[in-house]
Amino acid sequence: MKIRMMIASMLLMALIYACGTGSAGGQEQQIENEMMAAHDRIMPKMGELNDLYKEMRQYLFLDTTMTMETRERLSMVTVNLKESEEEMMNWMNGISDLAQKKTTMKSEELIKYLTEQKNEINRIGDFTDKSITEAKTALAQRKK
């Protein structure tokens, strides 16, 4: 799974940069660069996210002593880990047609689209960071 995500990320980046990035205006290129920098910051965390998800599921499955309240809270942490990964994959699938959009959209439309995508990938990054932190905290408390 981790390798597939890394390959998908590399292919996405190659597609975006190989297809017409020279025609983008300065503001468009700046927003795209910021968007891709956010993506590049988050993508390496996908493996850790997946590992934590597996560890949390095992924790929930094996620990029969926790209260229902604790189980529900930890279940939500686990769901958030999976949701973070799914949101990243969905974002990557959605942005895969960027090269085409660059050739068909007017500059103002493209700037709006890129800004929306940059905001979305930043939101996904924040959600991913929060999910990882919550899982690590839960797992550290278990070991005490």
Side-chain angles (χ1 to χ4, degrees), residues 1-21 24-102 104-105 107-144:
M1 182 72 151
K2 188 193 292 189
I3 293 173
R4 279 191 355 221
M5 287 188 283
M6 292 173 71
I7 291 171
S9 175
M10 291 177 3
L11 289 173
L12 172 66
M13 291 178 59
L15 176 67
I16 289 171
Y17 290 109
C19 299
T21 55
Q27 185 178 8
E28 296 158 359
Q29 190 63 52
Q30 179 182 349
I31 297 167
E32 181 181 350
N33 290 346
E34 291 168 359
M35 177 186 73
M36 291 310 298
H39 165 272
D40 293 347
R41 180 187 69 79
I42 301 161
M43 193 64 203
K45 296 178 182 185
M46 292 295 108
E48 179 181 18
L49 199 72
N50 195 33
D51 292 344
L52 287 168
Y53 173 76
K54 289 175 186 174
E55 193 172 350
M56 287 295 298
R57 284 190 40 110
Q58 184 177 22
Y59 177 25
L60 284 166
F61 181 73
L62 295 177
D63 189 337
T64 58
T65 64
M66 69 178 72
T67 66
M68 184 57 86
E69 181 181 320
T70 299
R71 184 169 299 284
E72 288 174 4
R73 183 177 55 79
L74 295 178
S75 291
M76 184 51 90
V77 170
T78 305
V79 166
N80 287 346
L81 289 167
K82 192 63 169 172
E83 200 171 299
S84 294
E85 179 186 25
E86 289 173 1
E87 286 186 10
M88 180 65 162
M89 295 300 107
N90 289 338
W91 181 86
M92 287 174 47
N93 286 333
I95 199 78
S96 65
D97 66 346
L98 179 57
Q100 180 186 8
K101 287 185 183 324
K102 289 168 124 184
T104 59
M105 288 182 155
S107 181
E108 299 81 28
E109 294 171 319
L110 184 59
I111 289 170
K112 182 179 181 216
Y113 173 77
L114 290 170
T115 300
E116 289 169 355
Q117 293 306 307
K118 180 182 86 167
N119 292 340
E120 179 63 7
I121 195 63
N122 282 325
R123 184 197 64 75
I124 292 168
D126 292 344
F127 183 51
T128 298
D129 291 340
K130 180 179 179 229
S131 299
I132 288 171
T133 299
E134 288 175 345
K136 284 181 174 180
T137 300
L139 292 167
Q141 289 174 351
R142 170 194 72 174
K143 295 174 183 172
K144 287 183 180 179

Can a donor-acceptor pair be found, under 3.5 Å and without considering hydrogens, that links the side chain of Arg57 to the backbone of Thr78?
no
Go through the steps for Lys136 and Glu48 under the test salt bridge (charged side-chain N to carboxylate O under 4.0 Å, His left out), then give the verdict.
CA-CA 10 Å; Lys136 284 181 174 180; Glu48 179 181 18; 2.7 Å; yes
To the nearest 0.5 Å, atom OH of Tyr53 lies from atom CD1 of Ile132 at 15.0 Å
Separation between CG of Leu110 and NZ of Lys101, rounded to the nearest 0.5 Å:
9.5 Å
For Gln27, look at atom CD and say whether over 12 heavy atoms of other residues, nucleotides or ligands are found less than 6.0 Å away.
no
For residues Met35 and Ile95, determine if any side-chain heavy atom of one lies less than 4.5 Å from a side-chain heavy atom of the other.
yes
Quick check on Met66: does its CE atom have over 12 non-hydrogen neighbours (other residues, nucleotides or ligands) under 6.0 Å away?
yes
Identify the two heavy atoms, one from Ile111 and one from Thr115, that lie closest to each other, and give their separation to 0.1 Å.
O-OG1, 2.7 Å
Where is the tightest heavy-atom contact between Glu28 and Leu114, given as atom of each residue plus distance?
O-CD1, 3.4 Å
Pair Met88-Ile121, side chain to side chain contact (heavy atoms under 4.5 Å, CB included): steps then yes or no:
CA-CA 8 Å; Met88 180 65 162; Ile121 195 63; 3.6 Å; yes
Non-hydrogen side-chain atoms of Met76 and Arg73 separated by less than 4.5 Å:
no
Considering only residues two or more places apart or on different chains, which pairs with a residue in residues 123-135 satisfy salt bridge (Lys or Arg N to Asp or Glu O under 4.0 Å)?
Arg41-Asp129, Lys45-Asp129, Glu87-Arg123, Glu120-Arg123, Lys130-Glu134
Lys/Arg-Asp/Glu bridge criterion (N-O < 4.0 Å) met for Glu116, Lys112:
yes
Could you list the residues that satisfy side chain to side chain contact (heavy atoms under 4.5 Å, CB included) with Glu86, not counting sequence neighbours?
Lys82
Closest heavy-atom pair, Ser131 versus Leu81, reported as atoms and distance to 0.1 Å, is O-CD2, 3.6 Å
Mind checking whether Ile31 and Tyr113 have side chains closer than 4.5 Å, heavy atoms only?
no
Just how far is it from atom CE of Met36 to atom CD of Gln29, taken to the nearest 0.5 Å?
11.0 Å
For a quick test of reading the model, state the closest non-hydrogen atom pair linking Ile42 to Gly125 and the distance between them.
CD1-CA, 3.2 Å
Which pair of heavy atoms, one from Ser84 and one from Ile124, lies closest together, and at what distance?
O-CG2, 4.4 Å
Where Ala138 and Tyr59 come nearest, the two heavy atoms and their spacing
O-CE2, 4.1 Å
With rounding to the nearest 0.5 angstrom, report the CZ to OG1 distance, Arg71 to Thr65.
8.5 Å
If you measure from CG on Asp97 to OG1 on Thr104, what distance do you get to the nearest 0.5 Å?
8.5 Å
To the nearest 0.5 Å, what is the distance between NE2 on His39 and CH2 on Trp91?
5.5 Å
List the residues meeting salt bridge (charged side-chain N to carboxylate O under 4.0 Å, His left out) with Glu34, not counting sequence neighbours, and say none if there are none.
Lys118
